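I have placed the structure first, in the form of structure tokens, so that the comments after it can refer back to it.
The analysis underlying the following values was restricted to heavy atoms, covering all of them including side chains, and did not include hydrogens, waters or symmetry mates. Nothing fancy with the numbering, it's 1 onward along the sequence. Quick caveat: nothing in here was measured; it's all calculated off a predicted structure.
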Amino acid sequence: MKLSVSGRAAAAAVVTATTLLATGSLAGAAPATPAVAAAPDLPVANVKAHLSQLQSIATANGGNRAHGRTGYRASLDYVKAKLDAAGFTTTIQQFTSSSRTGYNLIADWPGGDTPRVVMAGSPLDSVTAGPGINDNGSGSAAVLETALAVSRAGLQPTRHLRFAWWGAEELGMVGSRYYVNNLSSTNRSRISAYLNFDMIGSPNPGYFVYDDDPTIEQTFKTYFSGLGVPTEIETEGDGRSDHAPFKNVGIPVGGLFSGADYVKTSAQAAKWGGTAGQPFDRCYHSSCDTIANLNDTALDRNADALAYAVWTLSS
């Protein structure tokens with residue numbers, strides 16, 4: 001994130017379908033029906049396996065995966081190879097920032113109604129200070145594993161599914177802004193929802209939901225309600241991650257966040273556990289943001305919520 005300047009899913013799907021029908025706030029929303037199949041319970045071990053690879057890439061490339069550095073390109077190549085093998089159509093989009101070449105990776109799943117696109121995306125770069133395993137390997141790995149789950153399930157969604165990994169987010173959402181600015185007005189209007197996942201495995205986690213679009217917000221709240229996990233509206237990351245360029249042109253956005261350098265309150269510790277008076281992620285933008293800097297429960301819950309939202313909103 002840029003600095004400031006299972007069965008439970010099946011049950012929840014019916015509730016969310018009712019919400020979609022009632023609100024109709026998702027762009028181009030038609031009368032909703034329950035998802036054809038329940039979203040999968042993503043194995044957190046799979047998500048962590050991707051994170052281990054990102055850690056190894058950083059270790060082999062000067063300790064980071066930052067924009068314009070070899071570690072970033074190696075991270076992108078790792079994700080792309082997984083998606084290509086799974087049957088996605090992948091595109092690398094190139095741009096320049098701070099006199100260095102940057103890259104976005106876009107992956108389209110075949111089929112679906114292309115005038116109605118549901119996107120899920122994540123910043124892929126780290127800061128130069130460290131490997132960026134929570135910020136933002138965690139979101140990138142969960143988006144990747146969700147995409148691979150789409151392939152394993154042979155999902156045939158009603159809406160077209162697109163996944164994205166953005167470059168140079170840490171420099172001011174450069175990659176995602178480049179992508180949005182280069183969309184035609186027609187292609188912008190085709191995006192029904194953009195879902196953003198930036199830091200979802202913080203070691204002292206909170207459970208925060210973006211409140212930018214009522215339908216997307218309720219989809220995530222429904223999922224966490226089914227787990228008995230209370231949520232709060234996300235405010236720490238407003239305007240600080242890759243949903244901002246989409247929101248700025250009127251595309252409905254939503255997402256999840258587990259906290260960065262804000263301090264967990266006593267009330268938050270009482271409902272979520274963890275340590276009051278300490279940051280959600282004490283290693284935010286630091287060299288200690290390694291594979292050890294994760295809360296597996298938060299990573300698991302947020303990854304499953306991601307998959308649930310993709311299944312539900314694309315059905």
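With contacts defined as side-chain heavy-atom distances shorter than 4.5 Å, the pair Leu76/Trp165 does not qualify. Side-chain atoms of Val79 and Leu83, non-hydrogen and from C-beta on, do get closer than 4.5 Å to each other. In this structure, Pro252 and Asp212 have side chains that are not in contact, with every pair of non-hydrogen atoms separated by 4.5 Å or more. Arg240 is not listed as a side-chain neighbour of Asp198, based on a closest heavy-atom distance of 4.5 Å or more. Looking at heavy atoms from C-beta onward, Glu170 lies in side-chain contact with Asp135 at the 4.5 angstrom threshold. Two residues are said to be in side-chain contact when any heavy atoms from C-beta on lie closer than 4.5 Å; Ile233 and Lys221 meet this criterion. A 4.5 Å side-chain heavy-atom check between Asp289 and His285 finds every atom pair outside the cut-off. Contact of the Trp311 side chain with the Val150 side chain is registered, since non-hydrogen atoms from C-beta on lie closer than 4.5 Å.
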Could you go through Asn64 and Val127, starting from their C-alpha distance and side-chain angles, then the distance that decides it, and tell me whether this counts as side-chain contact (heavy atoms from CB on, under 4.5 Å)? CA-CA 7 Å; Asn64 68 69; Val127 292; over 6 Å; no
Checking Leu42 against Thr146 for the side-chain contact (heavy atoms from CB on, under 4.5 Å) test, could you report, in this order, the C-alpha distance in whole Å, the side-chain angles of both residues, the deciding distance, and whether it holds? CA-CA 7 Å; Leu42 298 183; Thr146 297; 3.4 Å; yes
Assess the residue pair Tyr103 and Leu124 against the criterion (side-chain contact (heavy atoms from CB on, under 4.5 Å)); give the C-alpha distance rounded to whole Å, side-chain angles, the decisive distance to 0.1 Å, and a yes or no. CA-CA 10 Å; Tyr103 305 95; Leu124 183 58; over 6 Å; no
Apply side-chain contact (heavy atoms from CB on, under 4.5 Å) to the pair Arg69 and Asn61, showing each step before the final yes or no. CA-CA 8 Å; Arg69 309 299 178 93; Asn61 289 276; over 6 Å; no
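Formation of a donor-acceptor pair under 3.5 Å by the Asn136 side chain with backbone atoms of Met199 is found in this model. For Ser126 (side chain) and Gly132 (main-chain N/O), no donor-acceptor pair under 3.5 Å exists by modelled atom type. Judged by distance alone, with hydrogens and angles left aside, the side-chain atoms of His160 form a donor-acceptor pair with the main-chain N or O of Gly111 at under 3.5 Å. Between the side chain of Ser192 and the main chain of Val118, no donor-acceptor pair closer than 3.5 Å is present. Put simply, the side chain of Glu234 gets close to the backbone of Glu236: a donor and an acceptor are under 3.5 Å apart. Proximity of a side-chain donor or acceptor of Thr312 to a complementary backbone N or O of Ala309 within less than 3.5 Å is not detected.
The two atoms that bring Arg65 and Leu54 nearest to each other are CD-O, 3.4 Å, heavy atoms only. In terms of heavy atoms, Ile216 sits closest to Gly254 at CG2-CA, 3.7 Å. For Thr114 against Val117, the heavy-atom pair with the smallest separation is O-CG2, 3.2 Å. Contact detail for Asp304 and Asp41: the closest heavy-atom pair is OD2-OD1, 2.7 Å. Between Ser122 and Gly139, the shortest heavy-atom contact is OG-C, 3.2 Å. The minimum heavy-atom distance between Tyr308 and Ala39, with the atom names listed, is CA-CB, 3.6 Å.
Val249 is connected to Ile106 through a chain of hydrophobic side-chain contacts under 4.5 Å among Ile, Leu, Val, Met, Phe, Trp and Tyr, so both are in one cluster. Follow the hydrophobic side-chain contacts under 4.5 Å out from Phe163 and you reach Tyr72 in the same cluster.
Rounded to the nearest 0.5 angstrom, Asn204 CG and Asn293 CG are separated by 10.5 Å. For the atom pair OG (Ser138) and NZ (Lys48), the distance works out to 12.0 Å, reported to the nearest 0.5 Å. Of the inter-residue distances, the one linking Thr59 atom OG1 with Ile291 atom CD1 reads 10.0 Å to the nearest 0.5 angstrom. Note that CG of Leu313 and OG1 of Thr215 are 8.0 Å apart. Values are rounded to the nearest 0.5 Å. Residue Arg73 holds its CZ atom at 9.0 Å from CG of Leu105, rounded to the nearest 0.5 Å. Rounded to the nearest 0.5 Å, atoms CG (Leu51) and CG (Leu144) are 9.5 Å apart.
With hydrogens and angles left out, the side-chain atoms of Asn134 and Ser202 include a donor and acceptor closer than 3.5 Å.
No more than 12 heavy-atom neighbours from other residues, nucleotides or ligands sit within 6.0 angstrom of CD on Gln156. Other residues, nucleotides and ligands contribute more than 12 heavy atoms inside 6.0 Å of the NZ atom of Lys264.
The side-chain hydrogen bond (donor to acceptor under 3.5 Å, both in side chains) search around Tyr210 returns Asn196, not counting sequence neighbours. For Asp84, the side-chain hydrogen bond (donor to acceptor under 3.5 Å, both in side chains) partners are Lys80, Thr90, not counting sequence neighbours. For His50, the side-chain hydrogen bond (donor to acceptor under 3.5 Å, both in side chains) partners two or more places apart in sequence, or in a different chain, are Tyr78, Glu145.
Below 30°, between 30° and 60°, or above 60°: for Phe220 and Phe197 the angle between ring planes is above 60°, a perpendicular geometry.
Residue pairs that meet the disulfide bond (SG atoms under 2.5 Å apart) test with at least one member in residues 258-291, sequence neighbours left out, are Cys283-Cys288.
With ring centers used as reference points, Phe257 lies 6.0 Å or more from Tyr262.
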Please table the atom pairs, donor to acceptor, closer than 3.5 Å between any side-chain atom in residues 174-182 and protein atoms at least two apart or in another chain.
| unit_1 | atom_1 | unit_2 | atom_2 | d |
| --- | --- | --- | --- | --- |
| Ser176 | OG | Met173 | O | 3.3 |
| Ser176 | OG | Asp242 | OD1 | 2.5 |
| Arg177 | NH2 | Gly172 | O | 3.0 |
| Tyr179 | OH | Arg162 | NH1 | 3.3 |
| Asn181 | ND2 | Arg177 | O | 3.3 |
| Asn182 | ND2 | Tyr178 | O | 2.7 |

Quick one: side chains of residues 267-279, donor-acceptor pairs under 3.5 Å with protein atoms, not counting sequence neighbours, listed by atom name and distance.
| unit_1 | atom_1 | unit_2 | atom_2 | d |
| --- | --- | --- | --- | --- |
| Gln268 | OE1 | Thr265 | N | 3.0 |
| Gln268 | OE1 | Thr265 | OG1 | 3.4 |
| Gln268 | NE2 | Glu232 | OE1 | 3.0 |
| Lys271 | NZ | Glu232 | OE2 | 2.7 |
| Trp272 | NE1 | Pro230 | O | 2.8 |

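Residue Tyr207 forms a side-chain contact (heavy atoms from CB on, under 4.5 Å) with just one option from Asn302, Leu256, Leu227, and that option is Asn302.
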